[in-house]
Structure formats: structure tokens, C-alpha cells
There are 2 protein chains.
Amino acid sequence: MALRYALLGLLAERPASGYDLAKEFEGDLGRYAWQAGHNRIYPELARLAAEGLVEGAEEGTRGRRVYTITAAGLAELRAWLLQPQLGGAVRNEGVLRLFLLSALDPGDARKMLNEIVAHTEQELARLKDTVSGETPISPGGRLDFGWLAAGYGLRQYEASRDWAVWALGEFDKAERRRTGRH
Amino acid sequence: MALRYALLGLLAERPASGYDLAKEFEGDLGRYAWQAGHNRIYPELARLAAEGLVEGAEEGTRGRRVYTITAAGLAELRAWLLQPQLGGAVRNEGVLRLFLLSALDPGDARKMLNEIVAHTEQELARLKDTVSGETPISPGGRLDFGWLAAGYGLRQYEASRDWAVWALGEFDKAERRRTGRH
DNA sequence: GTTGGATATGTCAATACGGACCTATCCAGG
DNA sequence: CCTGGATAGGTCCGTATTGACATATCCAAC
């Protein structure tokens, strides 16, 4: 159900082909919000077109077909955004991994936490470059989708790093308590 | 693929029935990491038992069957945790919603952002209570799963709130720039 | 001229998942 | 006694999703 709104949202920014959309999902969108491959995107675009929520132009070069959101599609998207509906589907394999870390030996857990800290620092550096630049505005005068996503990713990675540092401290405390008893 | 590791991870903490596990998924685990209903859990437990990764005790009262992780199951879980495998599956309808907010009219977008700020503040208050208490240690001397999850959730909500506040400011800036031109 | 990579779109089978439905037991309170 | 809610387990079907396979074009570099 959510994929269709992701597609409508992307098309609300600018017209795009299935291929273009698939590439968007490889960026921050796919990293933090929703993943989809082209194999899922093409059929869904066809369905959206059949329902009149998007319109596909004739095939251009290399069979490229550019889709545009219709008024009905925009209305559908906005209606979905306005209903507050807390707690939709959540699936995040990376976070699950973090949570299960306590199943490892303390040494291994610490090693993984240190790797997480290093990795998040790296991503933070990348995102800081993206976010600290200009504030990009879409042709329609709207805030750029990718810009908002990068800002979210930045804060998310900061939170992950802080959590990992905190967890490291807690592991140390637990370890000291255990060896202290021996 | 990830559900089985979530189950193994929970059973690594303590033996539990399918019903117990389903309730765990309703808490912080399901909110930030991975969702699953009992309809997915029971068949997966049966599969894990068939593969020898967990062991189901005989039916107790009310048909209750308590599962315990086996040595093979623990080894499987640890092997999965140790391979760094960045960027697994991510699905988060709430975050998707945030990203698509720019498709709304500026007024509506601001309204939704304000609701997000209010909601995250509420969750933050709840989590602060949970995390600021004692540091719970599992029977095995390991850090408690739920404790780590709550700590993560706390930082995640802080990040979401900060993002929403930042986004509100950016919406305002974009709006001022647009009306300033008129 | 031909080779490799990016562009571009699809299909298909197998698996994962969600919502709806079903059954049954235990126990506290009226 | 009996009713409602929590405990406990499950199935079934339609849809969502993934991985693998398949095809064709354009263009730059060699």
C-alpha cells in the first residue's frame, strides 16, 4: 500500500520514468523510508495509470516512458498524508541487528558497536556536505524531497552514533560489575 | 529472512511461547526494528524447530508451548550478527510520510509537522521514564534487550523531533522567500 | 566496428506478509 | 452460573516482495 504513495510523492515533485524512480529508491529514500526495485515499480506504475492517478506519455527513446501525476493522483496522495495514522509498517534489518547485539559475547558486541560508530561517522560526514549547502527548492516552489530526506538521515545517524556510544558504556559497566564480583 | 533472527534473538534472552514473542513485537521492538504478528510467528517457530535451531517443550496449560534456543540456533544467530552486511531491508511508513510532506500545501505541511513535534514529545516523555531507571541485566548477565531498544527509541524520537523543528523552519524560510517576491 | 556500461522495461516463480477468520481455555467479577 | 477479557494457538487467502531471468537501445572508448 505504501509503495504507491511513494511513487505518487516522487511524481508530485517532477515527472519521471520507472527507471528514474528506481534510481531514487537507491538514495536516501530507500535507505530510511521505503525500498523498491524496478521489478516492483513498473507493475505499480501500470496500475496507477489504469486507475487514472498517473499518466504515462508515449514511449520515447529507448522505450522510455515518462509518467506525470494527475489531479486525482495528487488528491489521493494528499488525502493519505493528512490522515494521521500512527504506527504503520516498520521493517529495519539494521536496527534489528543493533537490538540483538546483546546475544553476542561482550567482546564481539563491543567490536560491532565500535564498527557502528565508525560507520555512522562516515555517513555523517557525507550527509553534512549534502545538507549544509544551499536550500534547494523544486520548480513548484516546494522544498526538495531529497533535501528533507538528507536532513532526516543526518539526525538519524547522529542518534545511532550516540546510541552506540551509550551502549558501549553500558556494556562496559555490565562487564565491570560481573568481573568485579569474581 | 530477518524474522527468524528476531525470534532467535528473543529466545536467546529467555525461553518463550509464540504468544509471549508476539507481545514483544508490540513493544519497542516492533516500533523501531521489526514487526510481526502471531500469524507469522507460529509458522516460523515450527520451521525453526524443524531445523533444530529451537526446541519446543510439550504443550502446557492452555496449549502453551515454550520454545528454547538450541546451541545450533545460537550459533546461527551469532554468525548472522557478526557479518557486517550494511543496508538490509528498510520499510518505514511513518518516515515515508515525513518525506512526502512537501507535496502538501505549506499550511497543511506545517500543521502535520506540528503534530509530529507534539507526538514525539509525548513518546519522549514515556521513554525517558523507562530508560532513566535501573540498568536491568538478564539472567545470563547480558544487557536487557528492551532496555537497549528503549535507549535507541529515545534517541530516535529526539532526532525525529529535531528534524520536524528544522523542517518547520525551512518551510517558513521557503514561504517567506516566495511571498517576499510577490 | 565492436565491446562494455548505462539506460530502459519488462516477466515469472517462490517466498513473505497482513487481515480476517476460527477454536479453546483460564480466571475474575457480577 | 455465566460473561468478558486475557491467554494461547492456529489456518487461509490474497497481495506484496524479492531474485533471477530476459531483452533492447544508445553512446563512448578502444
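Keep in mind that what you see is a predicted model, and the values were worked out from it rather than measured. Values below: all heavy atoms of this structure, side chains included; hydrogens, waters and symmetry mates excluded. Here is the naming used below: chain letters follow the sequence lines, and residue numbers restart at 1 for every chain.
Residue A/Met1 shares its hydrophobic cluster (ILVMFWY side chains chained together at separations under 4.5 Å) with no other residue.
Taking a cutoff of 4.0 Å between a charged side-chain nitrogen and a carboxylate oxygen, B/Arg161 and B/Glu158 do not qualify as a salt bridge. Residues B/Glu123 and B/Arg126 are paired through a salt bridge, judged by an N-O separation under 4.0 Å between the basic side chain and the carboxylate. Using a 4.0 Å cut-off between charged side-chain N and carboxylate O, B/Asp20 and B/Lys23 make no salt bridge.
Taking each heavy atom of B/Phe171 and B/Ala109 in turn, the nearest pair found is CE2-CB, 3.6 Å.
Counting to the nearest Å, the C1' atom of D/dT15 and the CZ atom of A/Arg4 are 12 Å from each other.
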Practice item. Using a 4.0 Å cut-off on protein heavy atoms (strictly under), produce a 5'-to-3' string for nucleotides 6-19 of chain C with B for base contact, S for backbone-only sugar-phosphate contact, and - for none. Key: -BBBBB----SBBB

